[in-house]
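Just below is one structure, and these are the notes that go with it.
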Amino acid sequence: MCDTCGCGEHEDKITYQRPGQTSHSHTHTHGNHEHTHEHNHDHDHEHDHNHNHDHTHPHDHDHGKTIQIETDVMQKNNLLAERNRGFFEARNILTLNLVSSPGSGKTTLLEKTIQQLKDEINFYVIEGDQQTLRDAERINAVGAPVIQVNTGNGCHLDASMINHAVKELNPAANSVLLIENVGNLVCPSLFDLGEAHKVVIISVTEGDDKPLKYPTMFRNSDICIINKIDLLPYVDFDVQVCKEYALQVNRRLQFFELSASKGEGTEAWFKWLKERLHSE
Amino acid sequence: MHEMSIAVSIVDIAVKTAQEAEAQKINAITVELGALAGVVPEALEFCFEAACKETIAEGAKLELIRLPALAKCTSCGFEFETDQFLNVCPECKAQVLAAGGQELQVKSINVD
Ligand SMILES: Nc1nc2c(ncn2[C@@H]2O[C@H](COP(=O)(O)OP(=O)(O)O)[C@@H](O)[C@H]2O)c(=O)[nH]1
Ligand SMILES: [Mg+2]
Ligand SMILES: [Zn+2]
C-alpha cells in the first residue's frame, strides 16, 4: 500500500455492510482503473512549479492538437449529489452530513440523538469508516437502521457511495438520514453528498483555532457543534474565540454547544432537528 | 488522500473528451488549481501518474496552472496574493483572510 496517495491493492474496493448480515456488496470506485502499479517513490517530477500567474502557457507539445474543456473536476460527483438531493427532497428526508476529526464525538452524538428522539422521528444512518463495523454496531444497538460503508483507504464518502447505500437502506418518507463521514477535516469538505446541511463537529479537546486551520470545512458547513463542553474546566479552549474564528470563515454558521455524552446543551440541538424536519 | 479520487476524475474527464474527438493518445492535461481548493499539488501530481495507467492518458503530463488567492487588508487596504487562508498584512501586520483560490478545473488536453 502506498501511503502517499492511498492507492494500492485493495483500497479501491468499497464494501457496504449491515450489522447482523453475513453478505455484503462491493463497488469499485475507480471504474476501469484497476491499478496494481508499483510507484517508484524517488521519481522526480519535471513539472515546473514556478508558474507565473498570467495565463500564457507556452508548453510546446511538438505535435498534437489542443482541445479546450473547462470542466469542473468535481462535476460528476456534484451531478450525482444533486440526484441524491432530489430524491431526499421528494421524500422529505432531512439528510445531514456529519464531519469532524476522529474522536470529536460524531457517533456519540448520533447515539444520543436517536435514543432521545426515536419515538418521534424515524432515523436512518449511513456510517463511513475506513475499515471497521464498530460505529454501525453502536447505532444498531440504539435501534436505528444503519449501513456501514467501508471506504478502504478512501478518506471520504462520495455521492456515488451514498447513492448506493441509500438504495440498500431505503429510508422512508418524512425521516432523518444521518451520515457519519470518515473522520477527517480535509477530504470530506470537497465532496457534496446531496445533504441538506453539513454539520461540522469540533470538541474542546482540540484547538480553538481549528476553524482557521481547516477553513474549507467550516466554510462549507451550515452548522457547527462544539462538543465535550463538560471538559471545558480542564482544557485551554476558549469557546468565544473558536466561534469568532469560525464566523470569520463563514458568517452563516449556526452553533450548538453541548456535551454529547453528558447531555448538557443537547436540548437546543434536538429542538432544531425537530423543527427543521417539519419546516418543509 | 482525496487526491487519488481527484486525479481519477481528471483523467476520466480527459479520456471522455479525447474519445469523443477520436484521439488516440493524450499527451498532456492542463488543470487549473486554486491555492485554497483543498488539493495538495504534490499529492495530486503523484496520484496522477497512477490514475493514467492503462488509459489513453498513460504517460501524459499534468500541467498545473496554480492560481493564488487574493487578500485585501481591511485595516490599511493593501492587496496581495497568497496561498494561505489566514495571513498577516505585510504592510500593517493586521490579520487578513483570503478570498478566491477555489478553482479546480480541467482546462484543456493535448492529444494525438
Ligand atoms: N467527555 C466527553 N467525552 C465525549 C463526549 N462525546 C464523545 N466523547 C468521547 O469521545 C470519544 C470519541 O467519541 P466518538 O463518538 O466515537 O467520536 P467519533 O470518532 O467522532 O465518532 C469516546 O470515548 C466518547 O465517549 C462528550 O461530550 N464529553
Ligand atoms: Mg465514529
Ligand atoms: Zn494592512
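Only a predicted model underlies this, so the values are computations on that prediction, with no experimental measurement involved. Chain naming here is simple, since letters A, B, ... match the order of the sequence lines and numbering starts at 1 in each.
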Original post:
Rounded to the nearest 0.5 Å, what separation is found between the NZ atom of A:K65 and the CG atom of B:N110?
Top reply: 10.0 Å
Subject >> Options A:M217, A:E70, A:K213, A:M74, ranked by heavy-atom pairs under 4.5 Å with chain B, top entry >> reply: A:E70
Subject >> Interchain contact, B:A7 with chain A, by part (heavy-atom threshold 4.5 Å) >> reply: neither
Original post:
Under a 4.5 Å heavy-atom cut-off, does chain B meet the side chain of A:L190, its backbone, both or neither?
Top reply: side chain
**OP:** State, yes or no, whether a side-chain contact exists between B:Q102 and A:R219 at a heavy-atom distance under 4.5 Å.
**Re:** yes
Considering only distance and modelled atom types, tabulate donor-acceptor pairs under 3.5 Å from the side chains of residues 235-245 of chain A, sequence neighbours left out.
residue: A:D238; atom: OD1; partner: A:Q240; partner atom: N; Å: 3.0
residue: A:D238; atom: OD1; partner: A:V241; partner atom: N; Å: 3.2
residue: A:K243; atom: NZ; partner: A:E257; partner atom: OE2; Å: 2.5

Original post:
Got a sec, which residues hit side chain to side chain donor-acceptor pair (under 3.5 Å) with A:S203, two or more places apart in sequence or on another chain?
Top reply: A:T205, A:E206
Subject >> Contact origin within B:L97 toward chain A - heavy atom pairs under 4.5 Å >> reply: side chain
Subject >> Which portion of A:F191 sits near chain B, non-hydrogen atoms under 4.5 angstrom >> reply: side chain
Subject >> Value rounded to 0.5 Å, distance of CG in A:D72 from CD in B:E32 >> reply: 10.5 Å
Subject >> Contact origin within B:L86 toward chain A - heavy atom pairs under 4.5 Å >> reply: side chain
Subject >> OG1 on B:T30 to CD1 on A:I67, rounded to 0.5 Å >> reply: 11.5 Å
Original post:
Roughly how far apart are A:C187 SG and B:M4 CE, rounded to 0.5 Å?
Top reply: 13.5 Å
Original post:
Mind checking whether B:K107 and A:I69 have side chains closer than 4.5 Å, heavy atoms only?
Top reply: no
Original post:
Is there side-chain contact between B:S5 and A:H156, with at least one heavy-atom pair below 4.5 Å?
Top reply: yes
Subject >> Heavy-atom check, side chain of A:V249 versus side chain of B:F85, under 4.5 Å >> reply: yes
Original post:
What part of A:T71 lies closer than 4.5 angstrom to a heavy atom of chain B: side chain, backbone, both or neither?
Top reply: both
Original post:
Taking atom NZ of B:K16 as the centre, does the number of heavy atoms from other residues, nucleotides or ligands within less than 6.0 Å exceed 12?
Top reply: no
Original post:
Can you find a heavy atom in the side chain of B:I109 that is under 4.5 Å from one in the side chain of A:T66?
Top reply: no
Original post:
Under a 4.5 Å heavy-atom cut-off, does chain B meet the side chain of A:K76, its backbone, both or neither?
Top reply: side chain
**OP:** Would you mind checking which part of B:E20 comes under 4.5 Å of any heavy atom in chain A, side chain (CB onward), backbone (N, CA, C, O), both or neither?
**Re:** neither
